[in-house]
Structures are given as structure tokens and as C-alpha cells.
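These notes concern the structure reproduced below.
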Amino acid sequence: MKKRGLVWFKNDLRIQDNETLWKAIDENEEVICVYCFDDEMLEEVYPGIKKMGPFRLQFLRESLEQLDKNLRRLGSGLMILSGKPENTIAESVQQYNIETVYTQYEPAPEELATLNKVKDRLEEISVPVKTFVTDTLLDYQKLPFTAEKLPDIFTEFRKKAEKAEACIAPLPAPERIASPEIPPFVFPVTDTESEKIYNKRPAHRWRGGEDEGLRRMHYYYSESGLISSYKETRNGLLGEDYSSKFSPWLSIGCVSPRTLYAELKAYEQQKGANESTYWLYFELLWREYFRLLFYKYPVQFFWKKGIKPFAPKTRFHAETFEKWKTGNTGNAFIDANMRELNLTGFMSNRGRQNVASYLCHNLHIDFRYGAAYFEERLIDFDVYNNWGNWAYVAGVGNDPRPNRIFNIEKQADMYDSEGLFSGYWMEKSID
Ligand SMILES: Cc1cc2nc3c(=O)[nH]c(=O)nc-3n(C[C@H](O)[C@H](O)[C@H](O)COP(=O)(O)OP(=O)(O)OC[C@H]3O[C@@H](n4cnc5c(N)ncnc54)[C@H](O)[C@@H]3O)c2cc1C
């Protein structure tokens with residue numbers, strides 16, 4: 001009987017720079033690739049808020065379809081397992097006589113709990129689970145501090161991280177994967193409504209998948225050269241090109257930060273480095289920081305008081321929250337941003353900061369409702385970036401400046417002085 005390994009894909013939906021996949025190929029004669037889809041993802045977590053909304057669902061489906069195609073090109077394919085991973089993986093392990101399971105390590109609490117359930121279940125049948133941290137840029141072993149000693153201020157972290165030269169080089173895609181025959185790809189959710197509204201998006205018509213993510217990277221770097229003016233444009237609000245828009249693909253791992261960084265360095269070699277090229281690296285370090293924080297504060301970003309000793313005086317008020325959610329607060333700048341989110345699954349960083357600040361500090365709503373709503377709607381939802389940024393804006397995270405509140409009128413004047421952005425989104429709808 002052939003020695004077989006099973007790769008359990010999670011937020012690493014790619015064949016390039018995938019250490020987990022490589023390890024399974026290296027250590028086995030045959031490899032089976034699976035993704036687990038648990039229907040719980042579509043259930044409500046708060047009244048009226050689901051864990052995964054239609055845009056994220058559709059982006060995920062496209063990313064999985066593309067992963068399946070790319071795996072089939074290499075001689076394998078992707079099997080979608082429907083149900084709880086601890087059950088479905090255990091069943092596949094037995095069905096295919098798997099000796100070892102390989103998967104991504106994610107430090108967020110729900111993800112860890114799921115991993116531990118799978119590990120416990122497989123331990124009963126003596127099948128080990130090997131994990132790999134594949135969604136980071138930095139090699140944590142090279143950082144001059146342990147997780148407990150991670151600085152609470154980003155700038156301190158950044159300086160130390162930059163000095164450590166800890167960036168990891170990406171791995172190539174494998175050339176072939178030996179695999180038993182994999183049944184044709186079937187996505188378990190037939191939700192035509194998602195597809196319909198997704199295809200009618202009035203802007204940001206990106207598709208999920210590794211090829212699409214890499215295409216965006218090449219476009220943003222060498223094809224357009226937009227990266228060379230990123231620092232000046234990154235606070236923009238309208239259109240697809242004011243910032244990289246790497247986040248949708250980064251968040252479910254269609255593209256790795258290591259690939260983005262290596263290509264950035266190659267671009268700098270060819271076209272020259274400047275403040276803008278550095279600034280993309282700087283933002284990737286923010287992403288890194290929010291990930292590392294979960295090793296230090298494993299559950300605190302889901303608490304009302306975050307990492308602080310006391311919770312802010314916020315509450316939940318259904319009617320007020322509904323107005324914020326639907327873009328009907330009466331403040332055009334806030335409403336336009338929320339409408340963009342509702343119609344496309346995306347919002348700029350500037351918009352996110354403003355609507356989050358407005359919800360917490362003007363409407364006095366508990367930040368966790370806003371974060372949960374973003375989790376449902378954003379196609380680039382990333383547990384670390386979302387909850388870490390929300391806690392930061394709410395004043396219960398890693399912002400060293402106390403009582404930072406965005407002056408929405410001033411922000412609208414600065415970033416949308418002619419009202420072009422507000423005007424654009426206040427008129428749009430999906431019919
Ligand atoms: C309240 C709030 C919620 C957010 N939720 C998410 C989320 O769920 N998923 C997500 O990926 N980002 C989130 N962000 C961070 C940021 O807004 C997005 O990463 C960014 O807007 C994505 O667009 P881009 O790829 O064009 O970014 P660019 O400006 O081109 O930046 C390149 C990359 O750097 C990283 N990055 C940029 N800004 C930040 C930041 N503030 N924090 C962490 N990483 C950053 C992202 O990976 C991004 O793709 C949130 C920010 C706020 C204020």
C-alpha cells in the first residue's frame with residue numbers, strides 16, 4: 001500500500017509558496033488535498049449577522065475552484081468535505097489510509113479549537129497532524145523577543161523586526177503531485193443569490209483564486225508601476241488603483257505575503273526603491289503585527305475591554321446599529337462607505353477607520369457588533385486584521401494614543417472634499 005498524506009487546506013488556497021503542501025509531497029508517495037466546508041459558516045452569530053455573507057462565500061467558491069484546477073494540472077485535485085472537520089477529516093483519513101495530516105497553523109481561538117478537535121480525533125487512530133505557519137512574512141524564530149514580550153506598540157515592534165531581517169523567501173509551486181483519483185470538484189452550497197448579487201457589483205469586480213491574485217500583483221507592480229506612487233495614493237477612496245487591493249487574496253491565502261514581498265524586492269531592483277515601495281512593506285508589517293498579537297493575547301480581541309483593564313461605556317442599540325449597517329445614519333461620508341461595503345464586499349482603509357470610529361465613539365455601540373458585521377461582509381475578512389484593527393479604533397487595542405476619535409467632518413473634507421466618493425455610492429444599488 002502506498003504511503004499517503006492528506007493536506008487540509010484552510011486559509012492557504014494556493015500551490016505556490018505552500019510549505020504544507022511541499023512537506024506532504026516530500027514525505028509521502030501520494031497526497032490527497034481537501035478543504036472542509038462547515039455549514040455553520042453560514043449561520044447567524046449575532047441577530048441579523050452571519051459569519052459569512054454572500055460576497056465572501058462567492059469569493060471563497062471561486063478561490064476553491066481555481067485551486068482545484070491548479071491541483072488537477074499537477075495530477076491531483078481538491079476534495080470538498082462538507083461538515084465538521086473533526087468528522088470529515090477522520091472519515092477521509094480512514095477511507096484513504098492516510099498516515100499523516102498536514103495543515104496550516106492559525107493562532108486565532110476558533111481556528112485553534114477546530115484544529116485541536118481534529119488532532120484529538122485523529123490521535124484515537126494514531127494519525128499525527130503536522131502544522132505549518134504559512135501566512136506570515138517573518139520567521140518568528142528570528143525575532144529578538146518571544147510572543148509574551150511582543151511590544152504593545154507597533155513602532156517598537158517594526159524597528160526590531162526590520163533589524164532582525166527575518167523575511168522568509170517563498171517556495172516555488174510543485175511540478176507534480178502523485179495522488180489517487182479525486183472526484184470532480186463540487187462546492188456544497190448552491191446559492192445562486194450570492195452569485196447574482198456578486199456579479200452585479202457596481203465596482204471591484206475581482207475574482208477569487210491564486211491566478212487572479214498573482215495577476216493583480218503583477219498589474220500593481222510591473223505592469224502599471226502603481227506601486228511607485230502607493231504612499232501618495234493609499235488614502236484614496238474611489239476606484240481600484242489607489243491601493244494594492246491585495247487583501248482579498250491575502251486573507252484566504254491565494255497569494256502569500258512572502259511572494260508579495262519577494263516580488264516587491266525584485267521590482268525595486270529593476271525600477272528602483274522609494275518611499276512608496278517601502279510603505280507597502282510597512283503595511284505588510286502591520287498585518288504581521290496583528291497576527292503576532294494573537295500569540296500574546298489569544299482571546300482578548302473578542303472581549304469588550306480588549307487588552308485594557310476596563311471596558312468602554314458602549315452598548316448595543318438595534319435601531320442605531322441597523323442605520324449604521326445599512327448606510328442610513330444621515331452622515332453622507334459614513335453612509336457612502338457602508339453602502340460601498342454592502343454593494344461590493346470592500347471598503348478602503350480610510351473608510352474602515354472612519355465608520356469604525358463613528359460606530360464606537362459617535363453612536364456608542366460596542367465595537368464587536370461592527371467587527372462581526374465586517375466579518376460577514378468583507379471579501380478580505382481576516383480574523384487578525386479585522387478584530388485587531390477594530391479593537392485599536394475602539395480604544396481597547398494597541399493604539400498608544402488614548403482617546404483617538406476621528407473627526408468625521410474633517411476627514412470627509414480632507415479625503416472627499418468635492419463629495420465625489422459620497423455622491424458615487426449614495427446613488428448606487430443592486431437591482
Ligand atoms: C476597522 C478595520 C477593519 C479592518 N478589517 C480588515 C480585514 O478584515 N482584513 C484585512 O485584510 N484588513 C483589514 N483592515 C486593514 C486595512 O483596512 C485593509 O487591509 C486594507 O484596506 C486592504 O486594502 P489593500 O489591500 O488595498 O491595502 P494596501 O493599503 O494596499 O496594503 C497592502 C496590505 O497591507 C496590509 N495592511 C494594510 N493596512 C493594514 C492595517 N491597517 N492593518 C493590517 N494590515 C494592513 C493588508 O494585508 C493589505 O492588503 C481593517 C482596518 C480597519 C480600520
Side-chain angles (χ1 to χ4, degrees), residues 11 51-53 55-56 59 108 135-137 154 157-158 204 206 213 216-217 219-221 226-227 229-261 263-264 276-294 301 306 324 334 337-338 340-341 344-361 367-399 404 406 411:
N11 285 315
K51 207 160 179 56
M52 186 183 283
F55 295 121
R56 254 180 86 200
F59 197 82
D135 65 341
T136 58
L137 175 58
F154 169 74
F157 154 78
R158 178 182 59 79
H204 316 318
W206 313 303
R216 176 70 196 177
M217 175 185 76
Y219 168 74
Y220 196 71
Y221 289 169
L226 282 163
I227 179 64
S229 52
Y230 168 69
K231 191 154 184 262
E232 292 92 69
T233 60
R234 58 179 282 276
N235 278 310
L237 295 165
L238 256 184
E240 295 199 339
D241 286 346
Y242 58 81
S243 65
S244 75
K245 306 298 187 308
F246 292 158
S247 57
W249 294 282
L250 263 175
S251 63
I252 49 171
C254 294
V255 177
S256 84
R258 299 169 196 178
T259 300
L260 291 176
Y261 180 72
E263 290 286 331
L264 180 67
S276 283
T277 57
Y278 167 75
W279 214 260
L280 192 94
Y281 166 58
F282 177 96
E283 292 300 340
L284 288 176
L285 286 182
W286 264 112
R287 177 181 180 277
E288 211 69 13
Y289 184 56
F290 282 121
R291 280 173 153 63
L292 269 163
L293 280 168
F294 270 69
F301 291 104
W324 177 84
I334 297 301
N337 275 294
M338 292 307 291
E340 179 184 16
L341 174 67
T344 67
F346 191 81
M347 189 192 294
S348 68
N349 184 55
R350 183 61 37 197
R352 294 180 204 203
Q353 289 175 323
N354 275 279
V355 301
S357 177
Y358 189 77
L359 185 78
C360 304
H361 306 301
F367 83 92
R368 294 173 301 173
Y369 289 90
Y373 188 60
F374 268 30
E375 178 162 348
E376 177 194 295
R377 301 305 298 189
L378 283 173
I379 55 168
D380 67 9
F381 167 70
D382 167 309
V383 59
Y384 317 99
N385 279 1
N386 190 55
W387 288 84
N389 268 294
W390 266 96
Y392 187 102
V393 176
V396 297
N398 295 77
D399 187 353
R404 190 197 303 259
F406 280 75
Q411 290 273 314

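These figures come from a predicted structure and were not determined experimentally. Values reported hereafter were calculated over all heavy atoms of this structure, with side chains retained and with hydrogens, waters and symmetry mates removed. We count ligands from 1, going down the list as the structure has it; atoms in each ligand are counted the same way.
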Could you tell me if the ring centre of F154 sits under 6.0 Å from that of F282? yes

Short list, please: which atoms of ligand 1 are under 4.0 Å from a heavy atom of F346? 23 (O)

re atom 36 (N) of ligand 1, the protein heavy-atom contact at minimum distance is E283 O, 3.6 Å

Testing the basics here: between A108 and V383, what is the closest heavy-atom pair and its distance to 0.1 Å? CB-CG1, 3.8 Å

As a check for students: among T233, N354, N349, identify the option with a heavy atom nearest to atom 20 (C) of ligand 1. N349

Nearest protein heavy-atom contact for atom 51 (C) of ligand 1: which residue, which atom, what distance? N389 CG, 3.4 Å

From W387 atom CH2 to R368 atom CZ, the distance as rounded to the nearest 0.5 Å: 7.5 Å

Here the gap from T136 atom OG1 to R287 atom CZ, rounded to the nearest 0.5 Å, amounts to 8.0 Å

Candidate list D380, N385, N349, test side chain to side chain donor-acceptor pair (under 3.5 Å), partner S247, passing option: D380

Under-4.0 Å heavy-atom contact with ligand 1, by part of L250 that carries it: side chain

Return the residue, atom name and 0.1 Å-rounded distance of the protein heavy atom closest to atom 18 (C) of ligand 1. R352 NH1, 3.8 Å

Name the closest protein heavy atom to atom 46 (C) of ligand 1, giving the residue it belongs to and the distance to 0.1 Å. N385 ND2, 4.3 Å

For W286 and ligand 1, does the shortest N/O to N/O distance drop below 3.5 Å? no

Using a 4.0 Å cut-off to any heavy atom of W390, which atoms of ligand 1 qualify? 1 (C), 3 (C)

My understanding is that only residues two or more places apart in sequence, or in another chain, count here; which of them pass side chain to side chain donor-acceptor pair (under 3.5 Å) with D241? R216, Y219

Heavy-atom proximity to atom 33 (C) of ligand 1 ranks first, among V255, D382, D380, L284, for L284

Just say parallel, tilted or perpendicular for the rings of Y281 and Y261, cut-offs at 30° and 60°. tilted

Report the distance from atom CG of L341 to atom CE of M347, rounding to the nearest 0.5 Å. 4.5 Å

Tell me whether S243 has any N or O atom under 3.5 angstrom from an N or O of ligand 1. yes

In ligand 1, which numbered atoms sit nearer than 4.0 Å to a non-hydrogen atom of S247? 11 (O), 22 (C), 23 (O), 25 (O), 49 (O)

Does at least one non-hydrogen atom of R234 fall below 4.0 angstrom from an atom of ligand 1? no

Going by atom types alone, do K245 and S243 pair a side-chain donor with an acceptor below 3.5 Å? yes

CH2 (W206) and SG (C254) are apart, to the nearest 0.5 Å, by 13.5 Å

Would you mind telling me if ligand 1 is within reach of the side chain of L378, the backbone, both or neither, using heavy atoms under 4.0 Å? side chain

Can you list everything that forms a salt bridge (charged side-chain N to carboxylate O under 4.0 Å, His left out) with E375? Sequence neighbours excluded, please. K51

For atom 24 (P) of ligand 1, closest protein heavy-atom neighbour: K245 N, 3.5 Å

Return the option from N386, I379, V393 holding the heavy atom at the smallest distance from atom 4 (C) of ligand 1. N386

Could you name the option among S244, P248, S357, P257 that has the heavy atom nearest to atom 32 (C) of ligand 1? S244

Give yes if a backbone or side-chain nitrogen or oxygen of S348 is under 3.5 Å from a nitrogen or oxygen of ligand 1, and no if not. no

Flag the pair F246 / L284 as yes when at least one side-chain heavy-atom distance between them is below 4.5 Å, and no otherwise. no

Just let me know how F290 lines up against ligand 1, side chain, backbone, both or neither, with a heavy-atom cut-off below 4.0 Å. side chain

Measure the distances from the heavy atoms of Y230 to every atom of ligand 1 and state whether one is below 4.0 angstrom. yes

